Protein chains: 2
Amino acid sequence: MTAHKLSEQQYSLVEVLWALGEGSAKDIQQHQPDLDLAHTTIGTILTRLEKKGVLSSKMRGREKVFVPLISEAQVKRSMVSNLVSTLFGGNKAALMAHLVEDNQFEKDDLAEIKKLLDEDAKS
Amino acid sequence: MTAHKLSEQQYSLVEVLWALGEGSAKDIQQHQPDLDLAHTTIGTILTRLEKKGVLSSKMRGREKVFVPLISEAQVKRSMVSNLVSTLFGGNKAALMAHLVEDNQFEKDDLAEIKKLLDEDAKS
DNA sequence: AGTTAACTACGACATGTGTAGTAGAGAGTC
DNA sequence: GACTCTCTACTACACATGTCGTAGTTAACT
């Protein structure tokens, strides 16, 4: 059921909603001027996401306020998992390996990751 | 320049080409019957990918043989990096953390990953 | 040579996305 | 009450993708 896939653009808008809790097209535009989209464009995207069940909305006076129906963690999980399926045959460790091999991590990162792994092992 | 993004469907076809080195639509269909696509569909996708510069082609008799112009590693790198940008603000360690937190890895996986990390640290 | 089998090329159509303009309705202003 | 401002709703259009069907070409078989 939780197969939520958002495009980059869609994600960047919903991201603002996650941060704000809820918001109108205008709110998003003001909190993220870098997006540089006409407010009507933002409205269109939001409406489409509502139609897809990603958001819900309610009227607050003249403004339509959107609320995410799914959590950021949920979407991340689903999108990462999707990529892992496509690129690594579902093997998450393979993605890990890819990350390690392909990018030299900083020493600090390495230490941090190891700590994470240790904690995971304990629990 | 190496901003190669393939859809899942596209990836699954090119994947076969990476495995075979090169191949025609027919070859792909035979090596991956699970795809369950009309051969004309495969041909269309391949042609479009050629137009985008992902593949090149040459005639072998009346067969059109396609060859990947970019490596699997390249595409993986680019697609993973893309996801990391979108979901984790470009922070690869954050993706690592997500993987660790979100999925309990098997003990074996953990060991393997740690080994990878150690090797990375050495080099 | 005529018929058939194998391919490719092209066109088609649906859906999703990116992007925005325009019309219409309610709220506030003179 | 008339005018204006502000939002939303709707429409539009271009492009990518998923999926094929049909037509046309060429090799091959008898």
Side-chain angles (χ1 to χ4, degrees), chain A residues 3-17 20 22-67 70 75 78-79 82-83 85-86, chain B residues 3-17 20 22-67 75 78-79 82-83 85-87:
Chain A
H4 298 292
K5 189 210 230 3
L6 302 183
S7 73
E8 292 172 38
Q9 188 71 271
Q10 292 168 343
Y11 193 93
S12 60
L13 295 199
V14 179
E15 209 172 15
V16 179
L17 290 182
L20 299 179
E22 57 172 49
S24 66
K26 205 79 188 184
D27 292 336
I28 292 183
Q29 197 179 34
Q30 279 163 356
H31 275 265
Q32 209 67 95
D34 328 17
L35 289 173
D36 196 36
L37 294 173
H39 54 299
T40 56
T41 301
I42 298 182
T44 300
I45 297 178
L46 257 23
T47 300
R48 286 176 183 170
L49 286 174
E50 183 179 15
K51 194 163 299 169
K52 287 209 312 180
V54 175
L55 306 175
S56 75
S57 71
K58 56 190 177 194
M59 291 312 269
R60 182 171 61 198
R62 313 282 91 257
E63 265 194 326
K64 189 167 198 174
V65 177
F66 292 88
V67 186
I70 52 187
V75 173
S78 150
M79 288 178 71
N82 197 61
L83 191 80
S85 297
T86 305
Chain B
H4 298 293
K5 188 209 238 355
L6 302 182
S7 73
E8 293 172 37
Q9 188 71 270
Q10 291 168 343
Y11 192 93
S12 60
L13 296 200
V14 179
E15 210 173 14
V16 179
L17 290 183
L20 299 180
E22 57 172 49
S24 66
K26 205 78 188 187
D27 292 336
I28 292 183
Q29 196 178 36
Q30 280 165 355
H31 276 265
Q32 209 68 93
D34 329 16
L35 289 172
D36 197 36
L37 295 173
H39 55 297
T40 56
T41 302
I42 299 182
T44 300
I45 298 177
L46 258 23
T47 300
R48 286 176 182 170
L49 287 175
E50 182 178 15
K51 195 165 299 169
K52 287 208 311 178
V54 175
L55 307 175
S56 75
S57 71
K58 57 189 174 192
M59 292 312 268
R60 182 173 60 198
R62 54 225 75 318
E63 261 194 329
K64 191 167 197 173
V65 176
F66 292 87
V67 187
V75 173
S78 148
M79 288 178 71
N82 197 60
L83 191 81
S85 297
T86 304
L87 300 193

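Here the structure is a predicted model, which is why all the values come from computation and not from measurement. Residue numbers begin at 1 in each chain, while the letters A, B, ... track the order of the sequences.
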| field | Pair listing, side chain to side chain donor-acceptor pair (under 3.5 Å) test, anchored in residues 24-46 of chain A, at least two apart | value |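 Listed once each, the pairs are A:S24-A:D27, A:S24-A:E63.
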| query | Using rotation axes that map the C1' atoms of four end pairs onto the next four (five pairs an end), what angle separates the end axes of the helix from C:dA1-D:dT30 to C:dC30-D:dG1, to 10°? | reply |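 The end-segment axes of the helix from C:dA1-D:dT30 to C:dC30-D:dG1 are tilted 20° relative to each other.
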| request: Could you note down all residue pairs passing salt bridge (Lys or Arg N to Asp or Glu O under 4.0 Å) where residues 41-51 of chain A supplies at least one of them, sequence neighbours left out? | output: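 Checked against salt bridge (Lys or Arg N to Asp or Glu O under 4.0 Å) - neighbours excluded - the pairs reaching residues 41-51 of chain A are A:E50-A:K64.
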| said: Looking at B:K26, I'd like to know whether one of its side-chain N or O atoms comes within less than 4.0 Å of OP1 or OP2 on C:dA6. | reply: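 No.
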| task | Determine: side-chain N/O of B:K5 to OP1/OP2 of D:dA16, distance under 4.0 Å, yes or no. | result |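 Looking at the OP1 and OP2 atoms of D:dA16, neither is under 4.0 Å from any side-chain N or O of B:K5.
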Could you tell me how far apart [X] ([atom1]) and [N] ([atom2]) are, to the nearest whole angstrom?
X: A:Q10; N: C:dG16; atom1: CD; atom2: C1'; value: 8 Å
X: B:Y11; N: D:dT17; atom1: OH; atom2: C1'; value: 19 Å
X: A:L46; N: C:dT19; atom1: CG; atom2: P; value: 14 Å
X: A:I28; N: C:dG18; atom1: CD1; atom2: C1'; value: 16 Å
X: A:L13; N: C:dT19; atom1: CG; atom2: C1'; value: 12 Å
X: A:R60; N: D:dC7; atom1: CZ; atom2: P; value: 11 Å
X: A:Q29; N: D:dT6; atom1: CD; atom2: C1'; value: 13 Å
X: A:M59; N: C:dA27; atom1: CE; atom2: P; value: 10 Å

| Got a sec, which residues hit salt bridge (Lys or Arg N to Asp or Glu O under 4.0 Å) with B:K58, two or more places apart in sequence or on another chain? |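 Salt bridge (Lys or Arg N to Asp or Glu O under 4.0 Å) list for B:K58, sorted by chain: B:E22.
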| query | What residues, two or more places apart in sequence or in another chain, satisfy salt bridge (Lys or Arg N to Asp or Glu O under 4.0 Å) together with B:K52? | reply |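 Counting only residues at least two positions away or on another chain, B:K52 forms no salt bridge (Lys or Arg N to Asp or Glu O under 4.0 Å).
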| field | Test item: A:Q10 and A:K5 side chains (from C-beta on) under 4.5 Å apart, heavy atoms | value |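 No, every pair of side-chain atoms sits at 4.5 Å or beyond.
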| Of B:L6 and A:V65, whose closest DNA chain D nucleotide lies nearer the 5' terminus? |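 Residue closer to the 5' terminus by nearest nucleotide: A:V65.
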| message | By nearest heavy atom, map B:E8 and A:A25 onto DNA chain D; which one lands nearer the 5' end? | response |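 Comparing both residues, the 5'-ward one is A:A25.
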| Rounded distance (nearest 0.5 Å) linking atom CD1 of B:I28 with atom CZ of B:F66 |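 So the gap between those two atoms works out to 8.0 Å.
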| said: Rounded at 0.5 Å granularity, tell me how far CG in B:L87 sits from CG in B:N82. | reply: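 The CG atom of B:N82 is 9.0 Å from CG of B:L87, to the nearest 0.5 Å.
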| message | So, using side chain to side chain contact (heavy atoms under 4.5 Å, CB included) as the criterion, who are the partners of B:Q9 when residues are at least two apart? | response |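 Testing B:Q9 for side chain to side chain contact (heavy atoms under 4.5 Å, CB included), a comparison that skips the adjacent residues, returns B:S7, B:S12, B:L35, B:L37, B:I45.
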| When every nucleotide of nucleotides 19-30 of chain D is labelled 5' to 3' by its protein contacts under 4.0 Å (heavy atoms), B for base, S for sugar-phosphate only, - for none, what sequence of letters results? | BBBB----S---
| What residues, two or more places apart in sequence or in another chain, satisfy side chain to side chain donor-acceptor pair (under 3.5 Å) together with A:S56? |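 Partners of A:S56 by the side chain to side chain donor-acceptor pair (under 3.5 Å) criterion come out as none, since no residue qualifies.
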| Among D:dA9, D:dG18, C:dT8, which is the nearest nucleotide to the side chain of B:H39? |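 Selected nucleotide: C:dT8.
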| said: Classify B:K51 by what it touches in the nucleic acid, base, sugar-phosphate, or nothing, heavy-atom distance under 4.0 Å. | reply: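 Nothing, no heavy atom under 4.0 Å.
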